[in-house]
Amino acid sequence: MVQSPSNPAQSTNRIGLTLADYKGAPSTLCDGCGHDAITAQIIKAFYELGIAPHQVAKLSGIGCSSKTPAYFLNRAHGFNSVHGRMPSVATGANMANKDLLLIGVSGDGDTASIGLGQFCHLVRRNLPMIYIIENNGVYGLTKGQFSATADMGSKSKVGKLNEYTPIDLCGLAIELGCGFVGRSFAGDPKQLMALLKAAASHKGTAVLDVVSPCVTFNNHEGSTKSYKYAKEMETPLHELGFIPFYEQITVDYEPGSVQDVELHDGSHLRLKKLDKGYDPRNRELAITTMLKANEEKQFLTGLMFIDEKKPDFVSMSDLVDAPLATLPQERTRPGKEVLSKIMAELM
Amino acid sequence: MKTLAADSVQKTEQGRVVNDFSIQVATVNGSGSQSSNNVLMRTIFQMGIPVSGKNLFPSNIAGLPTWFTIRVNKDGYIARKRETNILVAMNPQTAFEDVKALTPGAICISPVELKLNDVRSDVKHYQVPFTELAAKATETLKLRKLLTNMIYVGVVAELLNLDDNEIEKAVTGQFPGKPKVVPLNVNAIKIGREWTRENLKKDDPYFIERMNETAGKIIIDGNEAAALGSLFAGVTVVAWYPITPSSSLCENLIDYLYEYRVDADGKNTFAVVQAEDELAAVGMALGAGWAGARSMTSTSGPGISLMAEFVGFGYFTEIPTVIFDVQRVGPSTGMPTRTSQADLLSTYMLSHGDTKHIILLPGSVAECYSFAGEAFDLAERFQTPVFVLTDLDLGMNNWMSDPFEYPTKALDRGKVLNAEQLEKAGEFARYKDVDGDGICYRTLPGTDHVLAPYFVRGSGHTEKATYTEKPEDYQNLMDRLERKFQTSRKFVPKPEIHSEPNSKVGIIAFGSTHFAIYESRDQLKAANVPTSYYRLRALPFTEELRKFVESQDRVYVVEQNRDAQLRDLITLELPDLATKLHSVRHYTGLPIDAQFVTDEILKQEKK
């Protein structure tokens, strides 16, 4: 049952809820943390889309980023799992109830190190969920160790240089066959909002790798995950616009200048081309573009790759309509005659 | 000390040993002998005589030695028997050792070219030209190796006097839906049988005679039984990772699910994932349990070790799921194809911090089936991971059983509140002990009510599931979890107690050890040591334990591990009675046998 808004004077979304209904507990992260900026966009995106909060399940692993599901959507069930293992919990939750909209928030430590295996297999199964990596290149909660996404040559707060090759989670996701891969920046709310909304409309795993500066341990000169560095280096591939399925589509652009992607629920993602050659449907191009950008230390953002037609885990599971968790005994316990038949075969 | 086994061999009618011996077939793994051995076992079973079949196999796919043992016993003893009476020595690699291990008077059937009669003269040898006979059975070279196995079935059939009709029935049952294969195999058996009749003179005491002890009984292994239990418990989510000896549990379950749990429109009422590892498997099971499904996973020791962190999470956040542990020999990789009961202690307290888990301990294939059902009910009733501990012997070997009974109890889905109940209650706190039994109410994701949502966290949490580091909050939570665990003592399966009037000696055992105890108690009684027997069926212990230990002068805790794990747990439970406890441990990787138990107890009793 949808509760009517407490103050009718406040503006409401299409299901009659206010922005406040999508908020969570106050954040306990450091002032200025990139994660809080992402949280704010999640709240806004879900509010504007008019998603019923009770249909959402929010999940996370361990780390600063993984605390954030407590800071949005208080009206949704939440699950703060063990370090790096959120993908398996999300998979189980989806198996039990395919109608839940799953949003997972992880970090670069949680996903690129301890949880790399589960991340890969989640993508491989194309589990329908929004998977956000709040990527800051450091372990914040344990005070500033490098993570596996730290760029080579990036300097830590205590002056150490990272010597190892970074793991590019977008590149990895594309390699693994992910059907929705976006990269963004906590300091680019407009782009992030469009990607979040599109991810919510995608049927399959939507990976969003969002550079989210750690103001305490990785925002200094020499860091490649700082606000300053990201702001200076960000190179958007396109301007993104999102038109939800319940709004009228208008044509207000010159033919050829915009690429239109129709998503599973009928919503549209509009990509206004900036770099003429980029086509996010071209997997090879996506990979070569990213490799080149990494070499040139460019910080590319936008929709890196999309294959909205790829079959997702639920369609492959061939399930009955009702969520498995809701099936009554009559549908899950075979009859007495079945046991008798099996017993006769074993005699 | 008398050897009681020798006694039983002497119990013959005019030098005949009828329906009381064991047959061992030594072959190479990957040679296809499993079908032949099943035909042999099934035929004897169909003739009404109690049997059990044990496969002793290597952790390998092809080319290494494997032994299949069929125990035939008119009294219904189906534990492992140490001595072999009839050896079929088909494997040149081990034939020499196999023959050397025989007791005098045993018989040995072997390919003529192995010349085993030179090895032992106190054994009755039947030498058979298998290669020649296989050539008669088929012109196809590829099939000869397979049909050689059926030829030894024919030789044994003739020597033991097995019924031809029952053999044909067993072959038909072995190859369902392959009508062309049946006559080929039946013919190979006939060739072996006719050659034996014409060329060998029976000169041994072993005979099979029809009985009526198996009518209406089934033969099944514990893994398939547990799969059936899960099927009829209405499992909806299965996540697993292959590992010997548990793989066949989920594989059987998947087959049954596709056969019996697909709706009329072809849609599944279940979901299965072969996970990337055991961590993911149990994570999926917990995710599904949280979201309201009946979920499970199955594994063995190494998988249990990997699941440790998540299991502690499940205990602390109170999420139901069922975990089957088909135990194998550890530590580490150990011996993956050998049996053990050495996961008891580590599983009972699996994970860091103060953790304790409900563990069910089936002692038969029938209990593998019924306890699987119990486990799902207990998991949802107590909102916690529940373990079912079996072992390789129970899980992968063939056991005779009464047919399984259809469950009479409705599924117990535990304390779950829906939107309507929340509306009526007007308040909800996920971890509040409303009923005083330590078990709280939960809501499921997707419930359309503002009171429903809560936040699952493995960190310290309040009654309302919010984060806390307050000392009293943490302690209250831990005390309430303990209260819940204490409540479970009244719900887990009670022990099965077999009392002998005036016995001074008690035996406590669990799981597959039961079969050896069942037989050993008769042997001990014959040696003037009557015993009472407490078959433990679950942890935590129930109130019957103290009474039982108090009622006996000495209690032998018999188990298949090195460290006396169950004895140690009983010591913790009943410290004041600890001096009454004695230990009998078998940990070779082979299933425990009755003679071992009898000898050990008599030795400790100084008889």
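The chains referred to below are lettered A, B, ... by the order of the sequence lines, with proteins before strands, and numbering in each begins at 1.
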J.: With a 4.5 Å cut-off on heavy-atom pairs, point out which of B/G216, B/A275, B/A285, B/A239 contacts chain A the most.
T.: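 When all of B/G216, B/A275, B/A285, B/A239 are compared, B/G216 has the most.
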
J.: Hey, is CD on B/E405 packed in by over 12 heavy atoms from elsewhere, all under 6.0 Å?
T.: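 Counting other residues, nucleotides and ligands, CD of B/E405 stays at 12 neighbours or fewer.
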
J.: Between chain A and each of B/A271, B/A293, B/P445, count heavy-atom pairs under 4.5 Å; write down the option with the most.
T.: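 Most heavy-atom pairs within the cutoff with chain A belong to B/P445.
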
J.: Can you tell me which of B/V456, B/T214, B/V235, B/T466 forms the most heavy-atom pairs within a distance under 4.5 Å of chain A?
T.: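 Maximum pair count with chain A is reached by B/V456.
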
J.: Going from NE2 on A/H83 to CZ on B/F313, what distance comes out if it is rounded to the nearest 0.5 angstrom?
T.: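 Answer rounded to 0.5 Å: 14.0 Å.
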
J.: Between atom CD1 of A/I62 and atom CZ of B/R457, what is the distance when rounded to the nearest 0.5 Å?
T.: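 One gets 10.5 Å once the value is rounded to the nearest 0.5 Å.
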
J.: Around B/Y241, counting heavy atoms of other residues, nucleotides and ligands shown, do more than 12 lie under 6.0 Å from its OH?
T.: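 No, OH of B/Y241 has 12 or fewer neighbouring heavy atoms, counting only those of other groups under 6.0 Å.
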
J.: Less than 4.5 Å apart, any side-chain heavy atom of B/Y406 and any of A/S340?
T.: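 No; the side chains remain at least 4.5 Å from each other.
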
J.: Would you mind checking which part of A/A76 comes under 4.5 Å of any heavy atom in chain B, side chain (CB onward), backbone (N, CA, C, O), both or neither?
T.: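 Contact with chain B is through the backbone of A/A76 alone.
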
J.: Taking A/S317's backbone N and O only, do any of them form a donor-acceptor pair with B/N268's side chain (distance below 3.5 Å, no angle check)?
T.: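 Side chain of B/N268 to backbone of A/S317: a pair is present.
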
J.: At a 4.5 Å cut-off on heavy atoms, which part of A/L100 comes close to chain B: side chain, backbone, both, or neither?
T.: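 The side chain, not the backbone.
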
J.: Which atoms of A/K67 are under 4.5 Å from chain B, going by heavy atoms: the side chain, the backbone, both sets, or neither?
T.: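 Contact with chain B: none, neither part.
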
J.: Under a 4.5 Å heavy-atom cutoff, which of A/R124, A/E345, A/Q329, A/R331 has the most pairs with chain B?
T.: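 Ranked by heavy-atom pairs under 4.5 Å with chain B, first place is A/Q329.
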
J.: How about CD on B/E469, more than 12 heavy atoms from neighbouring residues, nucleotides or ligands closer than 6.0 Å, or not?
T.: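 Incorrect, the count does not exceed 12.
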
J.: To the nearest 0.5 Å, tell me how far A/N80 CG sits from B/Y467 OH.
T.: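 A/N80 CG to B/Y467 OH: 10.0 Å, rounded to 0.5 Å.
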
J.: Which of the residues A/P69, A/P53, A/A90 is involved in the greatest number of heavy-atom pairs with chain B at under 4.5 angstrom?
T.: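 Among A/P69, A/P53, A/A90, the one with the most close pairs to chain B is A/P69.
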
J.: What residue in B/A410, B/A233, B/S459, B/G458 has the most heavy-atom pairs under 4.5 Å with chain A?
T.: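 The candidate making the most pairs under 4.5 Å is B/A410.
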
J.: Measuring heavy-atom distances to chain A, does B/F316 have an atom under 4.5 Å in its side chain, in its backbone, in both, or in neither?
T.: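 No part of it gets close to chain A.
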
J.: Using side-chain heavy atoms (C-beta onward) and a distance below 4.5 Å, is B/R261 in contact with A/T332?
T.: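 The answer is yes; the side chains approach within 4.5 Å.
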
J.: Which answer fits B/A465, side chain, backbone, both or neither, if we ask what part of it has an atom under 4.5 Å from a heavy atom of chain A?
T.: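 Neither the backbone nor the side chain of B/A465 comes within 4.5 Å of chain A.
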
J.: List the steps, then state whether side chain to side chain contact (heavy atoms under 4.5 Å, CB included) holds for A/R333 with B/Y260.
T.: CA-CA 9 Å; A/R333 174 181 277 172; B/Y260 298 112; over 6 Å; no

J.: What part of B/V273 lies closer than 4.5 angstrom to a heavy atom of chain A: side chain, backbone, both or neither?
T.: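 Both backbone and side chain.
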
J.: Verify side chain to side chain contact (heavy atoms under 4.5 Å, CB included) between A/T326 and B/L444, making sure each step is shown before the conclusion.
T.: CA-CA 10 Å; A/T326 65; B/L444 304 179; over 6 Å; no

J.: Please state whether the side chain, the backbone, both or neither of B/A452 comes within less than 4.5 Å of a heavy atom of chain A.
T.: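 For B/A452, the contact with chain A is made by backbone and side chain together.
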
J.: With a 4.5 angstrom heavy-atom cut-off, could you sort out which part of B/P176 is near chain A: side chain, backbone, both or neither?
T.: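 Answer is neither: B/P176 stays 4.5 Å or more from chain A.
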
J.: In terms of heavy-atom pairs under 4.5 Å with chain B, which of A/L327, A/T91, A/D99, A/V82 leads?
T.: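 Result: the option with the highest number of such pairs is A/V82.
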
J.: Side-chain contact test, heavy atoms from C-beta onward, threshold under 4.5 Å: evaluate it for B/W290 versus A/L59 and give yes or no.
T.: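 Touching, per the 4.5 Å side-chain cut-off.
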
J.: A/P87 versus chain B, heavy atoms under 4.5 Å apart: side chain, backbone, both or neither?
T.: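 It is neither, since no heavy atom gets under 4.5 Å.
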
J.: Does CG in B/D265 sit with more than 12 non-hydrogen atoms of other residues, nucleotides or ligands closer than 6.0 Å?
T.: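 Atom CG in B/D265 is crowded, with more than 12 foreign heavy atoms closer than 6.0 Å.
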
J.: Quick one, B/L279 and A/R85 - any side-chain contact, counting heavy atoms below 4.5 Å?
T.: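 Touching, per the 4.5 Å side-chain cut-off.
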
J.: If you define the side chain from C-beta out and look only at heavy atoms, does anything of B/T269 sit under 4.5 Å from A/L319?
T.: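 A side-chain contact under 4.5 Å is absent here.
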
J.: Per the salt bridge (charged side-chain N to carboxylate O under 4.0 Å, His left out) rule, what does the pair list look like for residues 312-330 of chain A, sequence neighbours excluded?
T.: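 For residues 312-330 of chain A: A/K203-A/D312, A/D318-B/K267.
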
J.: When only pairs under 4.5 Å are counted, which of A/T28, A/I342, A/L339 shares the most heavy-atom pairs with chain B?
T.: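 When all of A/T28, A/I342, A/L339 are compared, A/L339 has the most.
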
J.: Given a strict heavy-atom distance threshold of 4.5 Å, which part of B/A280 is in contact with chain A: side chain, backbone, both, or neither?
T.: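 Both parts, backbone and side chain.
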
J.: Could you walk me through whether B/E259 and A/K341 pass the side chain to side chain contact (heavy atoms under 4.5 Å, CB included) check?
T.: CA-CA 12 Å; B/E259 192 157 356; A/K341 181 175 168 244; 3.8 Å; yes

J.: Give a yes or no on whether a salt bridge exists between B/E276 and A/R125, defined as a side-chain N under 4.0 angstrom from a carboxylate O.
T.: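 Yes, B/E276 and A/R125 are salt-bridged.
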
J.: Mind ranking A/P323, A/A325, A/S81, A/G78 by heavy-atom pairs under 4.5 Å with chain B and telling me who comes out on top?
T.: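 The residue among A/P323, A/A325, A/S81, A/G78 with the greatest pair count is A/G78.
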
J.: Do the side chains of B/P403 and A/M347 get nearer than 4.5 Å, heavy atoms only?
T.: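 Side chain of A/M347 against side chain of B/P403, heavy atoms only: contact under 4.5 Å found.
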
J.: Looking only at heavy atoms, which two atoms of B/G283 and A/S88 are closest? And how far apart?
T.: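 Residues B/G283 and A/S88, closest heavy atoms: CA-OG, 3.4 Å.
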
J.: Side chain from CB out, backbone as N, CA, C, O: work out which of these in B/V416 comes under 4.5 Å of a heavy atom of chain A, or both, or neither.
T.: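 Neither; nothing under 4.5 Å.
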
J.: Under 3.5 Å, is there a donor on one side chain and an acceptor on the other for B/T443 and A/H77?
T.: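 A donor-acceptor contact under 3.5 Å links the two side chains.
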
J.: Looking at CD1 of B/I319 and CZ of A/F79, how far apart are the two atoms once the value is rounded to the nearest 0.5 Å?
T.: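 Output value for this atom pair is 3.5 Å.
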
J.: What's the verdict on side chain to side chain contact (heavy atoms under 4.5 Å, CB included) for A/V338 and B/Y256, showing C-alpha distance, side-chain angles and the deciding distance?
T.: CA-CA 10 Å; A/V338 171; B/Y256 279 124; over 6 Å; no

J.: Between B/R294 and chain A, with a heavy-atom cut-off of 4.5 Å, which part of the residue counts as in contact: side chain, backbone, both or neither?
T.: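 Neither; nothing under 4.5 Å.
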
J.: Chain A: which of B/A281, B/A291, B/G289, B/S401 shares the most heavy-atom pairs with it under 4.5 Å?
T.: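 Sorted descending by pairs with chain A, the first entry is B/A291.
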
J.: For the backbone of B/H449 and the side chain of A/R75, can you confirm whether one donor and one acceptor N or O come within less than 3.5 Å of each other?
T.: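 Between the backbone of B/H449 and the side chain of A/R75 there is no qualifying donor-acceptor contact (under 3.5 Å).
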
J.: Is it the case that atom NZ in A/K310 sees more than 12 heavy atoms from other parts of the structure closer than 6.0 Å?
T.: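 Yes, because the 6.0 Å sphere around NZ of A/K310 holds more than 12 heavy atoms from other groups.
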
J.: So with a 6.0 Å cut-off around CD of A/E175, is the heavy-atom count from everything else above 12?
T.: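 Counting neighbours around CD of A/E175, 12 or fewer heavy atoms of other residues, nucleotides or ligands fall under 6.0 Å, so no.
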
J.: Does a side-chain heavy-atom distance below 4.5 Å link B/L228 with A/M343?
T.: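 Result yes, sub-4.5 Å side-chain heavy-atom pair found.
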
J.: Under 4.5 Å heavy-atom distance to chain B, tell me which part of A/L101 shows up: side chain, backbone, both or neither.
T.: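 Contact with chain B: none, neither part.
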
